[in-house]
Amino acid sequence: MYSLRIQLPLLVAVLVLFSCSNSDTDPDPESNFYALAVGNSWEYKWYGVSNEGNQSVISVEENISITGVEDIGGNVFYKFSRVISGNPNGIYASIPENGEHIEYYRDSLGFLINDQGLIKFANSTNEEFPIIYYDNFGHITDPDGGATLLGRLSNEEVVYELENESLNCLLMTTRIEYDNGIEALANNHIYYSNGIGLVSDDIVWVASENNAGYRRVLVNYNIP
């Protein structure tokens with residue numbers, strides 16, 4: 001029988017403790033993998049995913065735009081405005097409630113990090129790496145806490161089929177492994193496309209064999 005920690009959702013925005021110095025530089029604008037530029041915007045639909053792996057649309061929609069930049073700790077961060085609709089009072093667990101949610105990100109040597117120094121995606125390594133350590137109750141803890149969230153970038157680009165477009169993407173897969181060697185059943189998948197940004201990501205219930213939970217999928221974008 002699984003403990004409480006394995007029942008918790010593996011959140012879509014994979015966040016990792018990561019130390020970055022002020023000497024880190026933003027990428028060349030000509031190679032802006034994460035599409036970090038003021039004015040860029042994206043529209044997403046959210047789907048429910050059943051225990052059998054079937055996907056069905058739900059009422060939640062999300063609009064994201066980069067509205068400005070701010071100097072935080074000597075580094076330039078891009079201000080992301082996430083506007084959620086169709087989820088009043090958080091009726092869909094683990095998806096943000098209706099309204100605007102502000103987040104700050106920058107590219108640090110291929111790592112997309114937020115203003116707390118936490119990583120959302122990495123495009124610069126194909127080696128599996130530890131992301132977060134959990135204790136028996138699903139809380140973030142030190143490396144001896146009981147479970148580790150591990151991430152690995154796919155060795156090759158994959159094609160993600162949207163309704164009206166096919167995009168070449170990098171795929172990062174994450175999994176949970178317990179200190180006794182047991183691995184959680186479900187994996188989380190996050191897709192980014194070079195110069196376009198986030199294409200799709202999941203919130204999965206790690207005790208499910210088929211990544212049951214929720215999925216966010218790109219439906220439109222504006223990258224001037």
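None of these values were measured; they are calculated from a predicted model.
Under the side chain to side chain contact (heavy atoms under 4.5 Å, CB included) criterion, Val49 pairs with Arg215, not counting sequence neighbours. Listed by chain and number, the residues in a salt bridge (charged side-chain N to carboxylate O under 4.0 Å, His left out) with Glu70 amount to none (sequence neighbours excluded). Residues passing the ring-ring contact (aromatic ring centres under 6.0 Å, His included) test with Tyr47: none are found, sequence neighbours excluded. Residues satisfying the side chain to side chain contact (heavy atoms under 4.5 Å, CB included) criterion with Ser166, sequence neighbours excluded, are Val159, Glu161. Val38 is linked by a side chain to side chain contact (heavy atoms under 4.5 Å, CB included) to Ile66, Val69, counting only residues two or more places apart in sequence or in another chain.
Side-chain atoms of Leu198 and Ile190, non-hydrogen and from C-beta on, do get closer than 4.5 Å to each other. Phe33 is not listed as a side-chain neighbour of Ser124, based on a closest heavy-atom distance of 4.5 Å or more. With a 4.5 Å cut-off on side-chain heavy atoms, Ile84 and Glu97 do not count as touching. Side-chain contact between Tyr160 and Leu218: absent, with no pair of heavy atoms (C-beta onward) separated by less than 4.5 Å.
Here Ile196 contributes atom CD1 and Tyr191 contributes atom OH; the two are 15.5 Å apart, rounded to the nearest 0.5 Å. Here the straight-line distance linking atom CG of Leu150 with atom CD of Glu127 works out to 12.5 Å at 0.5 Å rounding. For the atom pair Ile203 CD1 and Tyr214 OH, the distance stands at 8.0 Å (nearest 0.5 Å).
Note on ring orientation: taking the six-membered ring where Trp is involved, the planes of Tyr34 and Phe121 are perpendicular (angle over 60°, cut-offs 30° and 60°).
Both Val76 and Leu36 belong to a single network of hydrophobic side chains, linked directly or stepwise wherever heavy atoms of I, L, V, M, F, W or Y lie under 4.5 Å apart. Neither Val83 nor Val60 shares a network with the other; the hydrophobic side chains, linked directly or stepwise wherever heavy atoms of I, L, V, M, F, W or Y lie under 4.5 Å apart, form separate groups for each.
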Should Asn87 and Trp46 be marked as a side chain to side chain contact (heavy atoms under 4.5 Å, CB included) after you check the CA-CA gap, both sets of side-chain angles, and the distance that decides it? CA-CA 10 Å; Asn87 193 30; Trp46 280 89; over 6 Å; no
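In this structure, a donor-acceptor pair under 3.5 Å is present between the side chains of Ser81 and Glu100.
Lys120 and Met172 get closest at one heavy-atom pair: O-CE, 3.9 Å. Across every non-hydrogen atom of Asn51 and Ala212, the tightest pair is OD1-CB, 3.3 Å.
Among residues at least two apart or in separate chains, salt bridge (Lys or Arg N to Asp or Glu O under 4.0 Å) pairs with a member in residues 32-52 are Lys45-Glu61.
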